[in-house]
Number of protein chains: 2
Amino acid sequence: MSRRPPATAELPQMQLVHLLRAVTVGLDLLGAGFANTHGLHPTDVRALIHLLDADRTGVAATPGWLGAQVGLNSASTTALIDRLERLGHVRRSRDPADRRRVLLSVDPSAVELGWMFFGPLIERMVTAMQAFTDDELDTARRFLQAMHGAVQVRPGSPAGTPTPVDSDPVPSP
Amino acid sequence: MSRRPPATAELPQMQLVHLLRAVTVGLDLLGAGFANTHGLHPTDVRALIHLLDADRTGVAATPGWLGAQVGLNSASTTALIDRLERLGHVRRSRDPADRRRVLLSVDPSAVELGWMFFGPLIERMVTAMQAFTDDELDTARRFLQAMHGAVQVRPGSPAGTPTPVDSDPVPSP
DNA sequence: TGATATTCTCTCGACGAACGAGATACTTGA
DNA sequence: TCAAGTATCTCGTTCGTCGAGAGAATATCA
């Protein structure tokens, strides 16, 4: 108890921290539920999200890149891609420019799966956003960008942190 | 592609959705990094967070409750608590009122661990919040609450969704 | 009171995701 | 051409998770 920093517990800022974390927990549970509804593992869902993101933003997805995104070993990444390929959600092809590399392309079935997950969620979110003015949404956007920055650790993240993410998943507007 | 809803891709709302998801991904990776730095598993970290929340808000934590929070089987929940108990972060004790139930109490070491994780993160977040006025922070709070509501699914969540959470992790202000 | 159903937790055996170490294929620079 | 570096994959092990079911305590009703 005495170790607890003095007055942070009641600051309105702490409400926001807890709230943000609650949203995160909710999204995680949502993803986990969607995963075992479709015979996937939570990691598979996360991987699919990253692959769809890459597809959407034109980033070239390779096993190494994907492993970095989801924080996985190379061995585990291979196994992950094997699973997704076996399910028909992803295809491997050699990069003609650098034939060491393998390029991952998402199948339409993966896109469809993505929309099955995100579609209703996005719908609920967008509906909820209708209660806000454009200015307020812009404030929320700036706020989330600030939080996104606070979450990205780059300095002395002690050993084993799988976060050397090079490409920002959210391209600045 | 033809399955993609018409014009959602470029709406400013979509920016917010992607941004929120990016923050979630960041927090997840942060948790995973913290986990294997301390010889824990991501699930253990999530469980500790819930246990600390319960401790903070005065909710009685039991194995069943914890399992529901993290979306785990009863067998897995037992194993999870075994791990945490072996590490000295949690203690089991019988509920004197209902002697079927086991009450979980967090050790000070767990609280310390929690602050090692959240301390720096909260600091960065609160610092980032200083760039916002009180009104703006209030807008952000309302926005996050709306998103939190959108994330909580209650109706026909198809089979296996582990989200029948009864107690709101974020007590309304 | 006694019998039955319900609730909560734990044990057992099996599966498979993730890891570490090392092998293989390709590219780049001297 | 050869060495060093990079990208991916293979092999064997560990351990978290699951399904099924047992045990203990409580609640319900005749």
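Quick note on labels: first sequence line is chain A, next is B, and so on, each numbered from 1.
Using a 4.0 Å heavy-atom criterion, one finds that Thr77(B) contacts no nucleic acid atom at all.
Along DNA chain C, the nucleotide nearest to Gly64(B) and the one nearest to Asp44(A) differ in position, and the one closer to the 5' end is contacted by Gly64(B). Mapping Leu80(B) and Ile81(A) onto DNA chain D by nearest heavy atom places Ile81(A) at the nucleotide closer to the 5' end.
The side chain of Arg92(A) places an N or O atom within less than 4.0 Å of a non-bridging phosphate oxygen (OP1 or OP2) of dC9(D). Contact check, Thr43(A) against dA18(C): a side-chain N or O comes under 4.0 Å of OP1 or OP2. Side-chain nitrogen and oxygen atoms of Arg83(B) include at least one within less than 4.0 Å of the OP1 or OP2 phosphate oxygen of dT17(D). Proximity of Ser76(A) to the phosphate of dA17(C): no side-chain N or O atom is located under 4.0 Å from OP1 or OP2.
Side chain to side chain, Asp135(B) and Thr133(B) fail the donor-acceptor criterion of an N or O pair below 3.5 Å.
In this structure, the separation between CG on Leu84(A) and OG1 on Thr43(A) is 10.0 Å, given to the nearest 0.5 Å. Put simply, CH2 on Trp65(B) and OG1 on Thr77(B) are 11.5 Å apart, with the number rounded to the nearest 0.5 Å. In this structure, the separation between CG on Asp28(A) and CG on Leu27(B) is 9.0 Å, given to the nearest 0.5 Å. Atom CZ of Arg101(B) is separated from atom CZ of Arg92(B) by 15.0 Å, given to the nearest 0.5 angstrom. Summarising the geometry, atom CZ belonging to Arg21(B) is positioned 12.5 Å from atom CG belonging to Leu144(A); distances are rounded to the nearest 0.5 Å.
For Arg101(B) and dT6(C), the CZ to C1' distance is 15 Å, given to the nearest whole Å. When the C1' atom of dC8(C) is taken as reference, atom CG of Leu103(B) falls 12 Å away, rounded to whole Å. Between the CG atom of Asp95(B) and the P atom of dT9(C) there is a distance of 9 Å, given to the nearest Å. Protein atom CZ of Arg86(A) is 15 Å distant from nucleotide atom C1' of dC9(D), rounded to whole Å. Atom pair Leu66(A):CG and dT8(D):C1' shows a separation of 13 Å (rounding to whole Å applied). Atom CG of Asn73(A) is separated from atom P of dA7(D) by 15 Å (rounded to the nearest Å). Spacing between atom CG of Leu84(B) and atom P of dG16(D) amounts to 11 Å, rounded to whole angstrom units.
Side-chain atoms of Leu87(B) and Leu40(B), non-hydrogen and from C-beta on, do get closer than 4.5 Å to each other.
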Strictly under 3.5 Å: I want the nitrogen or oxygen pairs between protein and nucleotides 24-27 of chain C, one per line.
from: dC26(C); atom 1: OP1; to: Arg99(A); atom 2: NH2; distance (Å): 3.4
from: dT27(C); atom 1: OP1; to: Arg99(A); atom 2: N; distance (Å): 3.4

Within the sub-3.5 Å range, which N or O atoms of nucleotides 10-14 of chain D have a protein N or O partner, and how far apart are they?
none

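With distances taken from any side-chain atom of His41(B) to the nucleotides dT9(C), dG16(D), dA17(C), the minimum falls on dG16(D). Taking only side-chain atoms of Leu72(A), from C-beta outward, the nucleotide of dA17(C), dC10(C), dA18(C) with the closest atom is dA18(C).
By the 4.0 Å N-to-carboxylate-O rule, Glu85(B) lies too far from Arg91(B) to be salt-bridged with it.
Classification of the Phe143(A)-Phe132(B) ring pair by plane angle, with boundaries at 30° and 60°, yields perpendicular.
Of all heavy-atom pairs spanning Gln152(B) and Gly26(A), the tightest one is OE1-CA, 4.1 Å.
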